[in-house]
Amino acid sequence: MPHESRVSPRRKYAPRMPLEQRKEQLLDAALRVLVRDGYGNASIDAIAREANVTRPVVYSAYDGLEPLLHALLDRTQQRAFDQAMRILSGLGAPVNIDKWVLDGASALIDQVQSDPDVWRPILGLTKGAPVMVTERIETTREELRSYLASGLQAGLELRGGPAIDAEVLSHLLLATAEEFGRLSLETPPRFSKQRLVDTLSTLLAAVPPGP
């Protein structure tokens with residue numbers, strides 16, 4: 001019986017695309033790797049496999065893993081910040097502070113659920129995040145908290161009632177919003193948006209308005 005030689009199939013070349021488009025493709029692939037496998041398993045090989053390209057294609061867009069991850073952090077941080085600011089600015093003036101808080105919490109849960117890969121690293125749900133990442137996330141949190149405190153101060157003045165420290169309340173509400181986001185991603189059947197918002201509504205109603 002004649003010997004049959006086996007020839008390994010040649011890997012298909014990645015289709016050519018503009019550099020900026022290639023960079024976005026690789027950042028998308030890197031984000032999927034991080035969300036699924038954690039920071040400790042991110043590598044040029046893993047990202048190349050996820051994007052279905054070769055290592056040289058990755059290196060043609062980024063000089064190495066660290067510059068790629070820095071670019072991904074920049075993009076993820078900016079997207080999360082922009083989404084959160086759209087929610088806060090879209091709420092308008094806090095004429096009714098209770099409604100303002102509830103609408104914001106509801107909108108944030110919707111946003112987190114619609115773009116989970118962006119929010120999982122921001123909410124600390126990606127394993128093995130290095131200090132650089134946690135420090136950048138904390139900077140973004142502080143910017144959002146400061147904006148939130150300003151809105152709360154204006155709304156509390158209109159509401160009257162017992163004096164409440166807007167700065168302290170902003171920390172409390174931001175932590176609550178982040179936990180709502182985590183619960184809605186990790187256990188959505190158990191912690192539905194309606195259940196979370198209804199509970200927050202009950203808590204807000206327990207604080208009496210002014211005369």
Side-chain angles (χ1 to χ4, degrees), residues 17-36 38-39 42 47 50-51 61-62 66-95 97 99-127 129-155 166-167 169-186 188 193 196-197 200:
M17 62 176 63
L19 179 59
E20 288 307 310
Q21 186 178 347
R22 177 68 74 194
K23 286 184 174 182
E24 288 298 305
Q25 178 203 27
L26 294 173
L27 292 180
D28 290 341
L31 183 58
R32 291 193 297 271
V33 170
L34 289 180
V35 168
R36 184 183 64 238
Y39 284 89
I47 294 167
E50 185 69 27
Y62 294 98
E66 186 172 344
L68 193 158
L69 293 181
H70 272 283
L72 177 60
L73 178 57
D74 288 342
R75 192 184 74 166
T76 302
Q77 182 184 27
Q78 191 61 52
R79 285 184 177 180
F81 181 80
D82 289 346
Q83 290 172 7
M85 286 302 296
R86 278 197 297 271
I87 291 171
L88 289 172
S89 60
L91 295 175
V95 177
I97 187 65
K99 185 177 185 302
W100 192 79
V101 170
L102 292 172
D103 287 350
S106 178
L108 178 64
I109 293 171
D110 286 339
Q111 184 62 69
V112 167
Q113 291 180 333
S114 69
D115 203 355
D117 283 358
V118 164
W119 284 94
R120 282 185 177 276
I122 298 296
L123 295 173
L125 296 176
T126 304
K127 295 178 291 185
V131 174
M132 173 191 70
V133 172
T134 57
E135 288 179 347
R136 289 278 293 276
I137 290 173
E138 185 56 35
T139 298
T140 301
R141 288 181 76 256
E142 181 56 26
E143 291 182 44
L144 293 173
R145 190 207 57 74
S146 178
Y147 189 94
L148 177 61
S150 297
L152 288 170
Q153 183 64 50
E167 183 179 10
L169 184 59
S170 69
H171 282 279
L172 176 62
L173 288 180
L174 183 58
T176 300
E178 291 173 337
E179 184 61 16
F180 279 7
R182 285 188 284 268
L183 289 172
S184 69
L185 288 179
E186 295 290 272
K193 181 180 80 170
L196 295 170
V197 173
L200 182 58

Query raised in the report: Does Leu123 offer a backbone N or O that forms a donor-acceptor pair with the side chain of Arg182 under 3.5 Å?
Result: yes
Query - Shortest non-hydrogen separation from Leu26 to Ala51 and the atoms involved - result: CD2-CB, 3.9 Å
Query raised in the report: Hey, are the side chains of Leu125 and Trp119 touching, using non-hydrogen atoms and a 4.5 Å cut-off?
Result: no
Requested in this report: Verify the distance criterion only: is there a donor paired with an acceptor across the side chains of Lys193 and Ser184 at less than 3.5 Å?
Outcome: no
Query raised in the report: So Gln83 and Arg86, side-chain hydrogen bond (donor to acceptor under 3.5 Å, both in side chains) or not? Walk me through it.
Result: CA-CA 5 Å; Gln83 290 172 7; Arg86 278 197 297 271; 5.6 Å; no
Query raised in the report: Taking C-beta and beyond as the side chain, do Glu24 and Leu27 meet within less than 4.5 Å on heavy atoms?
Result: yes
Report task. Look up atom CG in Asp28 and atom NZ in Lys23, then write down how far apart they are to the nearest 0.5 Å. Result -> 14.0 Å
Query raised in the report: Side chains of Arg136 and Asp74: closer than 4.5 Å at any heavy-atom pair?
Result: yes
Query - side-chain contact (heavy atoms from CB on, under 4.5 Å) between Leu152 and Val101, intermediate numbers included - result: CA-CA 9 Å; Leu152 288 170; Val101 170; 4.1 Å; yes
Requested in this report: Would you indicate whether Glu66, at its atom CD, is surrounded by more than 12 heavy atoms from other residues, nucleotides or ligands within a distance under 6.0 Å?
Outcome: no
Query raised in the report: Does one side chain, of Gln78 or Arg75, offer a donor that lies under 3.5 Å from an acceptor on the other?
Result: no
Query raised in the report: Any side-chain heavy atom of Thr176 within less than 4.5 Å of one from Leu172?
Result: yes
Query raised in the report: Which residue, Thr139, Thr134, Val133, forms the side chain to side chain contact (heavy atoms under 4.5 Å, CB included) with Ile137?
Result: Val133
Requested in this report: Answer yes if the side chains of Ser170 and Arg145 hold a donor-acceptor pair under 3.5 Å, and no otherwise.
Outcome: yes
Query - Side-chain touch Phe180/Leu108, heavy atoms, less than 4.5 angstrom - result: no
Query raised in the report: Looking at residues at least two apart in the chain, or sitting in another chain, which of them share a side-chain hydrogen bond (donor to acceptor under 3.5 Å, both in side chains) with Glu50?
Result: Arg32, Arg36
**Report entry** Contact summary for Ile87 and Gly104, nearest pair of heavy atoms
**Finding:** CG2-O, 4.0 Å
Report task. Output yes when a side-chain donor or acceptor of Ser114 lies under 3.5 Å from a complementary backbone atom of Gln111, and no otherwise. Result -> yes
Query raised in the report: So, for Leu200 and Ala105, which heavy atoms are closest and what is the spacing to 0.1 Å?
Result: CD2-CB, 3.9 Å
Query raised in the report: At their closest point, which heavy atom of Ala71 faces which heavy atom of Tyr62, and how far apart are they?
Result: CB-CE2, 3.8 Å
Query - Taking every non-hydrogen atom, the tightest pair across Pro94 and Gly151 - result: CG-O, 3.2 Å
Requested in this report: Can you measure from CD1 (Ile97) to CG (Leu102) and round to the nearest 0.5 angstrom?
Outcome: 10.0 Å
Query raised in the report: Do Met85 and Glu143 pass the side-chain contact (heavy atoms from CB on, under 4.5 Å) test, and can you show the C-alpha distance, the side-chain angles, and the key distance before you say yes or no?
Result: CA-CA 10 Å; Met85 286 302 296; Glu143 291 182 44; over 6 Å; no
**Report entry** Residues forming a side-chain hydrogen bond (donor to acceptor under 3.5 Å, both in side chains) with Glu167, sequence neighbours excluded
**Finding:** none
**Report entry** Pro121 vs Leu31 side-chain heavy atoms within contact, under 4.5 Å
**Finding:** yes
Report task. State, with a plain yes or no, whether a side-chain heavy atom of Ile122 is found less than 4.5 Å away from one of Thr140. Result -> no
Report task. Using a 4.5 Å cut-off on heavy atoms from C-beta on, say whether the side chain of Thr76 contacts that of Asp117. Result -> no
